[in-house]
Number of protein chains: 2
Amino acid sequence: MTKILIAEDDDHTRDALREVLTMEGYEVIPASDGLQAVDFFRAESPDFVCLDVMMPGLNGYEVCKQIRRQDEKVPILFLTAKAEEIDTVLGLELGADDYMTKPFGVKEIIARIRAILRRTASRGGGRADDDFTMDDLRIVPTELRAYRDKIELALSPRDVKVLRLLYERRGKVIDRNTLADEVWGVDYFPESRALDQHISQLRKRIEKDPAQPRIIRTVHGAGYRFE
Amino acid sequence: MTKILIAEDDDHTRDALREVLTMEGYEVIPASDGLQAVDFFRAESPDFVCLDVMMPGLNGYEVCKQIRRQDEKVPILFLTAKAEEIDTVLGLELGADDYMTKPFGVKEIIARIRAILRRTASRGGGRADDDFTMDDLRIVPTELRAYRDKIELALSPRDVKVLRLLYERRGKVIDRNTLADEVWGVDYFPESRALDQHISQLRKRIEKDPAQPRIIRTVHGAGYRFE
DNA sequence: AGCAGATTGTAAGGAAGTTGTAAGGCGACT
DNA sequence: AGTCGCCTTACAACTTCCTTACAATCTGCT
């Protein structure tokens, strides 16, 4: 579930946001001042942050800086009252994704959060989308395809993740746990054979001779390796 | 130095854009309403124009017309809060180069401006409302129509947006999130099937054999593609 | 070398998830 | 009220992924 950290000193606003976002299916972590917000961010690693600009102790900009020091990418939405307009600029410089001026409608804020999450999920989520080459195979992530000579091979998003991981750490052994974590995420059951199955299927498609793999080699008892 | 005219009535957004574009090395001319924008355009002859659609006095469309009366070529980027407002931009023959729906990230808008400037500098062309061809279909955005041989097909503004997006990134997979963002904007519910429905209906009209689509191909688990 | 146990490969079938699309409904515009 | 376009809903079709089961391979031990 998507975790949203809300830093807002006004109890009313905070509660209202908590209520409404919980209804939308988000997990909400409410913080009532800047210091708490920074603490909670560290502790909970939320997927999204709503920051009030004016807060006792650490203000929103300071909190933003602290958060950015830890996490370059997490989407941040600033909430500001009319009187604070001037510093919007600062917020955007600090890497905020959007800002909203109070008073704002419930629908509006939900729509914005959703839009930002959608955007960062598709654009930022996939790291570098640069092409790379493994053996005689040119992998083009943005096309979800690989090319051998002029022959096209279709790849799933998961295939690309596996290949990119192996490529990025070429020469090193990627153990099964790491692979499972990076590619499948938290809900991977170690006793499942899904990983083996996937490697097998992938080899069938990308290796000239799947019995003698040149791209994804297995290191028995350890994991897989490229090169 | 490249001069950019920004016409935007919201002080937040205008200031933020001014700041950020100045940092990028552009010379920024801010205007807070339509009349001012037209005046400043005459006085300063900027190399690029960002136009908010909704402005007091003269709205973005009107400003655009005035500017085009003077200068056919200057690149114009429309900014709007509502995805539907872009329909008008596409429908009128305004000669817009691109459009963005709010909320947008700072990085995003810089990227677009740079892209447009690069495009127009090398005369590669490609305005948002320029005609383009997909397979045997000629799409004419300003008429909201497509032609196959001499047969006319009606298109909605939304159809045009979908097709244009696929056309611009041909070969690449456009994931559903991006499509939703660019075409529907903020108020798209991810759990809705509106997107699928729209693709299905669109295929029925533009594909010779909707069961074997040649223009809008689906990439299972990822999105759609044209090539 | 030969064997036992552990690890990995892979085919087959079914579960789960994704996409296609017909039908009905709601609201905007006339 | 009627029409039109778009959205939601519901279900069908399809694709992918996972589980299972068994075969093949490897490791370490005797």
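Scope of the values below: all heavy atoms of this structure, side chains included, with no hydrogens, waters or symmetry mates. Labels below follow one simple rule: chain letters A, B, ... track the order of the sequence lines, proteins then strands, and each chain is numbered from 1.
At least one donor-acceptor pair closer than 3.5 Å links the side chain of A:Lys3 to the backbone N or O of A:Glu44. A:Arg14 contributes a side-chain N or O that, together with a main-chain N or O of A:Glu8, makes up a donor-acceptor pair within less than 3.5 Å.
A donor-acceptor contact under 3.5 angstrom links the side-chain atoms of B:Gln197 to the base of D:dT8. Remark: the A:Arg193 side chain and the C:dG9 base include a donor-acceptor N/O pair separated by less than 3.5 Å.
Between A:Ser200 and the phosphate of C:dT10, there is a side-chain N or O to OP1/OP2 separation shorter than 4.0 Å. B:Arg176 has a side-chain polar atom (N or O) that falls below the 4.0 Å cut-off from OP1 or OP2 of C:dT19. Listed pair A:Ser192 / D:dT19 meets the phosphate criterion, a side-chain N or O lying under 4.0 Å from OP1 or OP2. Look at A:Arg158 and you'll find a side-chain N or O under 4.0 angstrom from OP1 or OP2 of D:dC18. Between B:Tyr224 and C:dG20 there is a side-chain polar atom (N or O) within less than 4.0 angstrom of OP1 or OP2. Checking the phosphate oxygens (OP1, OP2) of C:dG20, no side-chain nitrogen or oxygen of B:Lys204 falls inside 4.0 Å. Distances shown here put every side-chain N or O of A:Trp184 at or beyond 4.0 Å from the OP1 or OP2 atom of D:dC17.
Side-chain contact check for A:Val183 versus A:Arg158: some heavy-atom pair is nearer than 4.5 Å. A:Leu195 is listed as a side-chain neighbour of A:Tyr224, based on a closest heavy-atom distance under 4.5 Å.
Atom-to-atom, CG of B:Leu195 to C1' of C:dT21 comes out at 14 Å; the value is rounded to the nearest Å. At whole-Å resolution of the value, CD in A:Gln201 and P in D:dT16 are 11 Å apart. Spacing between atom CD of A:Glu191 and atom C1' of C:dT8 amounts to 16 Å, rounded to whole angstrom units. Remark: P of D:dC14 and CD1 of B:Ile199 are 19 Å apart, rounded to the nearest angstrom. One can place NE2 of A:His198 at 14 Å from P of C:dG9, the figure rounded to the nearest angstrom. Rounded to whole angstrom, the span from the CG atom of B:Asp196 across to the P atom of C:dT21 amounts to 10 Å. In this structure, the OH atom of A:Tyr188 is 8 Å from the P atom of D:dT19, given to the nearest Å. Between B:Arg217 atom CZ and D:dC14 atom P the separation is 18 Å, expressed in whole Å.
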- [ ] Please report the C-alpha distance between A:Val28 and A:Leu17 in whole Å, then the side-chain angles of each, then the deciding distance to 0.1 Å, and finally whether the side-chain contact (heavy atoms from CB on, under 4.5 Å) criterion is met.
- [x] CA-CA 9 Å; A:Val28 176; A:Leu17 281 175; over 6 Å; no
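With DNA chain D read from its 5' end, the first of the two nearest nucleotides for B:His220 and B:Pro157 is the one closest to B:Pro157.
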